[in-house]
Novice: 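Please find one structure pasted underneath; my questions will follow.
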Amino acid sequence: MPTISMEVERSALEDLRNRARLGSSALPSVSFYTFINTHNSLNCASISQDGALVVGGFSDSSLKVWNMAKIGEEHNSSENGNTGEVGQTEHLAGLDMGKRSYTLLQGHAGPVYAANFSPEGDFILSASEDCTVRLWSSKMNANLVCYKGHNYPVWDVQFSPVGHYFVSSSHDRTARVWSMERIQPLRIMAGHLSDVDCVQWHVNCNYIATGSSDKTVRLWDVQSGECVRMFVGHRGMVLSIAMSPDGRYMASGDEDGAIMMWDLSTGRCVTPLMGHTSCIWTLAFSCEGSVLASGSADCTVKLWDVNACSRTPRAEEKAGAAHRLRLLKALPTKSTPVHALRFSRRNLLFAAGAFTRNP
């Protein structure tokens with residue numbers, strides 16, 4: 001495993017010291033990154049841990065990476081009348097007519113369906129219709145490796161919590177575990193009856209959860225490659241998964257707008273969270289696990305009280321689910337479906353989506 005630099009460790013400790021404590025009475029601040037003029041070509045988005053970098057995957061087979069700090073610098077320089085040198089980046093004109101630069105990454109031969117930053121933000125993984133996963137350097141802005149193994153389009157890819165290892169999922173009904181330095185998969189997880197649409201690592205890196213079009217979620221042992229849990233209850237294809245930081249709970253969202261909270265030890269649904277009216281594209285737990293954020297195609301971000309959901313007594317559990325819904329806040333966007341959510345180490349919530357004009 002690669003070693004973590006002292007600078008990164010110091011930064012992480014500083015973030016931990018300044019972490020905001022969230023709960024029903026203390027909701028997170030939200031920073032929303034909106035893609036404009038995408039002409040419905042944005043398929044996915046991902047945000048780095050510190051929110052400094054944002055990547056979008058597009059239907060034209062490209063990835064585009066925005067550096068938030070450089071956007072601010074360019075905006076200031078343009079106001080001062082200096083255009084400056086931007087190197088090999090291209091420009092995208094925003095609604096405010098300020099020049100916004102992005103770095104263009106090309107290499108895939110089909111639409112890009114998933115992108116994911118490494119924990120330190122120095123690498124990007126992308127998954128495509130061309131059946132490959134590619135590893136990019138966000139520092140050199142170059143493609144490093146092309147991983148071939150899936151037989152059909154790859155829908156999702158996720159770095160492990162410690163980096164180095166990653167998992168991909170595909171239309172070929174499998175999920176595959178990879179290592180950055182090997183071009184062949186280390187494990188192949190087969191068992192779903194339809195496409196594996198989304199994947200997520202457990203916080204201890206020993207397990208991987210997969211969500212499928214067969215309406216189930218499965219939990220796999222990384223060492224053996226065997227399925228150890230199957231979660232049944234969704235009525236539509238499962239599109240997003242999130243793991244709680246303490247490793248006890250898992251949230252999954254489906255195409256019908258339903259979110260289910262699962263107890264991993266028992267395999268039972270703790271509570272369904274109803275409120276969205278369209279696909280759940282992204283889910284994220286806050287750093288201490290007290291708040292769950294959900295992003296949907298219905299153009300809203302919703303914040304849920306996890307503590308209220310996970311501490312329901314057994315007697316109440318049998319009485320029904322209606323009283324257990326704990327929606328803390330609904331945050332509507334300006335006609336922007338939510339593609340990505342991420343909590344920073346300081347518990348700031350980052351979100352991203354593409355603005356769509358109403359017909």
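Every heavy atom of this structure was used, including side-chain atoms; hydrogens, water molecules and symmetry mates were not.
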Novice: Between Val145 and Ile183, is there a side-chain heavy-atom distance shorter than 4.5 Å?
Specialist: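 A side-chain contact exists here, since the closest heavy-atom pair is under 4.5 Å.
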
Novice: At what distance, to the nearest 0.5 angstrom, does CG of Leu53 lie from CD1 of Ile124?
Specialist: 7.0 Å

Novice: Is it true that a side-chain atom of Ser160 and a backbone atom of Gly163 form a donor plus acceptor pair closer than 3.5 Å?
Specialist: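 Confirmed, Ser160 side chain pairs with Gly163 backbone.
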
Novice: Tell me whether Arg134 contacts the main-chain N or O of Ala127 through its side chain, where contact means a donor paired with an acceptor under 3.5 Å.
Specialist: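 Judged by distance alone, no pair lies under 3.5 Å.
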
Novice: Mark yes when over 12 heavy atoms from residues, nucleotides or ligands other than Lys215 sit less than 6.0 Å from its NZ; otherwise mark no.
Specialist: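 For Lys215, atom NZ is not crowded (no more than 12 foreign heavy atoms under 6.0 Å).
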
Novice: Rounded to the nearest 0.5 Å, how far does CZ of Phe343 lie from CG of Leu349?
Specialist: 4.5 Å

Novice: Is it true that the NZ or CZ of Lys64 lies under 6.0 Å from the centre of Phe58's six-membered ring and within 45 degrees of the ring axis?
Specialist: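 Judged by the rule (NZ or CZ under 6.0 Å from the ring centre, within 45° of its axis), Lys64 counts as positioned above Phe58.
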
Novice: Find the distance between CG (Asn116) and OG (Ser168) and round it off to the nearest 0.5 Å.
Specialist: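 Interatomic distance, Asn116 CG to Ser168 OG, rounded to 0.5 Å: 12.0 Å.
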
Novice: Report yes or no: do Trp201 and Val199 belong to one cluster of Ile/Leu/Val/Met/Phe/Trp/Tyr joined by side chain heavy-atom distances under 4.5 Å?
Specialist: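 Looking at the clustering, Val199 is in the same group as Trp201.
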
Novice: Kindly indicate, with the supporting measurements, whether the criterion side chain to side chain contact (heavy atoms under 4.5 Å, CB included) is fulfilled by Val157 and Val167.
Specialist: CA-CA 6 Å; Val157 64; Val167 61; over 6 Å; no

Novice: Would a single hydrophobic cluster contain both Phe32 and Leu303, if residues Ile, Leu, Val, Met, Phe, Trp and Tyr are joined by side-chain heavy-atom contacts under 4.5 Å?
Specialist: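 As far as the 4.5 Å side-chain criterion goes, Phe32 and Leu303 are connected within one cluster.
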
Novice: Do Asp256 and His234 pass the side chain to side chain contact (heavy atoms under 4.5 Å, CB included) test, and can you show the C-alpha distance, the side-chain angles, and the key distance before you say yes or no?
Specialist: CA-CA 9 Å; Asp256 296 328; His234 282 287; over 6 Å; no

Novice: Ignoring hydrogens and angles, state whether a donor on the side chain of His164 or Glu181 is under 3.5 Å from an acceptor on the partner side chain.
Specialist: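 Yes, Glu181 and His164 have a side-chain donor paired with an acceptor closer than 3.5 Å.
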
Novice: Output yes when a side-chain donor or acceptor of Gln49 lies under 3.5 Å from a complementary backbone atom of Arg345, and no otherwise.
Specialist: yes

Novice: Working note: Asp156 + Gln200, criterion side-chain hydrogen bond (donor to acceptor under 3.5 Å, both in side chains); need CA distance, chi angles, decisive distance, verdict.
Specialist: CA-CA 9 Å; Asp156 197 13; Gln200 192 58 256; over 6 Å; no

Novice: The criterion is salt bridge (Lys or Arg N to Asp or Glu O under 4.0 Å); which residues satisfy it with Asp298, sequence neighbours excluded?
Specialist: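 With sequence neighbours excluded, Asp298 shows a salt bridge (Lys or Arg N to Asp or Glu O under 4.0 Å) to no residue whatsoever.
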
Novice: I'd like to know if the side chain of Ser212 and the backbone of Asp195 have a donor-acceptor N/O pair within less than 3.5 Å.
Specialist: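 Indeed, once roles are kept as given, a pair shorter than 3.5 Å links the two residues.
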
Novice: Do Thr216 and His192 have side-chain heavy atoms sitting under 4.5 Å apart?
Specialist: yes

Novice: Just wondering, do Leu264 and Arg229 contact through their side chains at under 4.5 Å, heavy atoms?
Specialist: no

Novice: Restricting to pairs with a member in residues 264-298, which pass ring pair (Phe, Tyr, Trp, His ring centres under 6.0 Å), not counting sequence neighbours?
Specialist: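 Qualifying pairs, neighbours excluded: Trp281-His339.
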
Novice: Can a donor-acceptor pair be found between the side chains of Ser344 and Arg342 at a distance below 3.5 Å?
Specialist: no

Novice: Any idea which heavy atoms bring Val238 and Ser252 closest together, and the distance?
Specialist: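 Residues Val238 and Ser252, closest heavy atoms: CG1-CB, 4.0 Å.
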
Novice: Work out which heavy atom in Cys198 is nearest to a heavy atom in Ser240; give both atom names and the distance.
Specialist: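 In terms of heavy atoms, the two residues are closest at SG-N, 3.5 Å.
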
Novice: Looking at every heavy atom in both Ser278 and Ala297, which two are closest together, and how far apart are they?
Specialist: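 So the two residues come closest at OG-CB, 3.4 Å.
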
Novice: Please determine whether side chain to side chain contact (heavy atoms under 4.5 Å, CB included) holds for the pair Trp304 and Leu328, giving the CA-CA distance in whole Å, both sets of side-chain angles, and the decisive distance to 0.1 Å.
Specialist: CA-CA 5 Å; Trp304 308 87; Leu328 297 176; 5.9 Å; no

Novice: Side chains of Val203 and Asp246: does their closest heavy-atom pair fall under 4.5 Å?
Specialist: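 No, too far: nothing below the 4.5 Å cut-off.
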
Novice: Write down the atom of Thr300, the atom of Val338, and the distance for their closest heavy-atom approach.
Specialist: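 The answer is O-CG2, 3.6 Å.
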
Novice: Can any side-chain N or O of Asn143 pair as donor or acceptor with the backbone N or O of Cys146 at less than 3.5 Å?
Specialist: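 Such a contact is absent between Asn143 side chain and Cys146 backbone.
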
Novice: Is any side-chain heavy atom of Leu283 closer than 4.5 Å to a side-chain heavy atom of Ile259?
Specialist: yes

Novice: Which heavy atom of Leu239 sits nearest a heavy atom of Cys279, and at what distance?
Specialist: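 Shortest heavy-atom contact: CD1-CB, 3.7 Å.
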
Novice: Output the distance between atom CG (Asn204) and atom CE (Met243), rounded to the nearest 0.5 Å.
Specialist: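 The CE atom of Met243 is 9.0 Å from CG of Asn204, to the nearest 0.5 Å.
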
Novice: So, the side chain of Ser138 versus the backbone of Gly121: is there a donor-acceptor pair under 3.5 Å, distance only?
Specialist: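 Confirmed, Ser138 side chain pairs with Gly121 backbone.
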
Novice: Can you find a pair of side-chain heavy atoms, one from Tyr102 and one from Val54, that are under 4.5 Å apart?
Specialist: no

Novice: Does Leu144 have more than 12 heavy atoms from other residues, nucleotides or ligands lying within 6.0 Å of its CG?
Specialist: yes

Novice: CG of Leu327 to CE of Met274: how many Å apart, nearest 0.5 Å?
Specialist: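 Reported to 0.5 Å precision, the distance equals 12.5 Å.
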
Novice: Find out whether Asp305 and Val291 are in side-chain contact, i.e. whether some heavy atom of one side chain is under 4.5 Å from a heavy atom of the other.
Specialist: no

Novice: Mark yes or no for whether Arg218, through its side chain, and Phe231, through its backbone, hold a donor-acceptor pair below 3.5 Å.
Specialist: no

Novice: Between Asp122 and Ser118, is any side-chain donor less than 3.5 angstrom from a side-chain acceptor?
Specialist: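 Side-chain D/A pair, Asp122 to Ser118: present.
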
Novice: Verify, without hydrogens or angle tests, whether Glu255 (side chain) and Met237 (backbone) share a donor-acceptor contact under 3.5 angstrom.
Specialist: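 Yes, Glu255 side chain to Met237 backbone: donor-acceptor pair under 3.5 Å.
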
Novice: Taking Ser169 for the side chain and Val196 for the main chain, is one N or O donor matched with an acceptor at less than 3.5 Å?
Specialist: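 Yes, because the side chain of Ser169 sits within donor-acceptor range (under 3.5 Å) of the backbone of Val196.
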
Novice: Is there any ring pair (Phe, Tyr, Trp, His ring centres under 6.0 Å) pair reaching into residues 140-162, and which pairs are they, with sequence neighbours excluded?
Specialist: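 Sorted result for residues 140-162: Tyr113-Trp155, Tyr147-Phe166, Tyr147-Trp178, Tyr152-His171.
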
Novice: Within the side chain of Thr282, is there an N or O that forms a donor-acceptor pair under 3.5 Å with the backbone of Leu341?
Specialist: yes

Novice: Describe, in one word, how the ring planes of Tyr207 and His202 are oriented to each other, choosing from parallel (under 30°), tilted (30 to 60°) and perpendicular (over 60°).
Specialist: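 Perpendicular: the ring planes of Tyr207 and His202 meet at over 60°.
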
Novice: If you define the side chain from C-beta out and look only at heavy atoms, does anything of Leu105 sit under 4.5 Å from Ser62?
Specialist: no

Novice: Report the C-alpha distance between Ser286 and Asn347 in whole Å, list the side-chain angles of each, state the deciding distance to 0.1 Å, and finish with yes or no for side-chain hydrogen bond (donor to acceptor under 3.5 Å, both in side chains).
Specialist: CA-CA 6 Å; Ser286 61; Asn347 264 340; 4.6 Å; no

Novice: Would you say Leu125 and Met180 are hydrophobically clustered, going by side-chain heavy atoms of ILVMFWY under 4.5 Å?
Specialist: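 In one cluster with Leu125: Met180, yes.
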
Novice: Do the side chains of Leu219 and Met230 join up, straight or via other hydrophobic residues, at under 4.5 Å, putting them in one cluster?
Specialist: no

Novice: Taking it one step at a time, do Ser290 and Val306 satisfy side chain to side chain contact (heavy atoms under 4.5 Å, CB included)?
Specialist: CA-CA 5 Å; Ser290 62; Val306 175; 5.6 Å; no

Novice: Quick check: closest heavy atoms across Asp221 and Met189, and the distance to 0.1 Å?
Specialist: O-CE, 4.1 Å

Novice: Do Leu193 and Trp220 land in one hydrophobic cluster if side-chain heavy atoms of ILVMFWY residues count as linked below 4.5 Å?
Specialist: no

Novice: Within this structure, what is the OG-CZ distance for the pair Ser29 and Phe350, rounded to the nearest 0.5 Å?
Specialist: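 Atom-to-atom, Ser29:OG and Phe350:CZ are 10.0 Å apart.
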
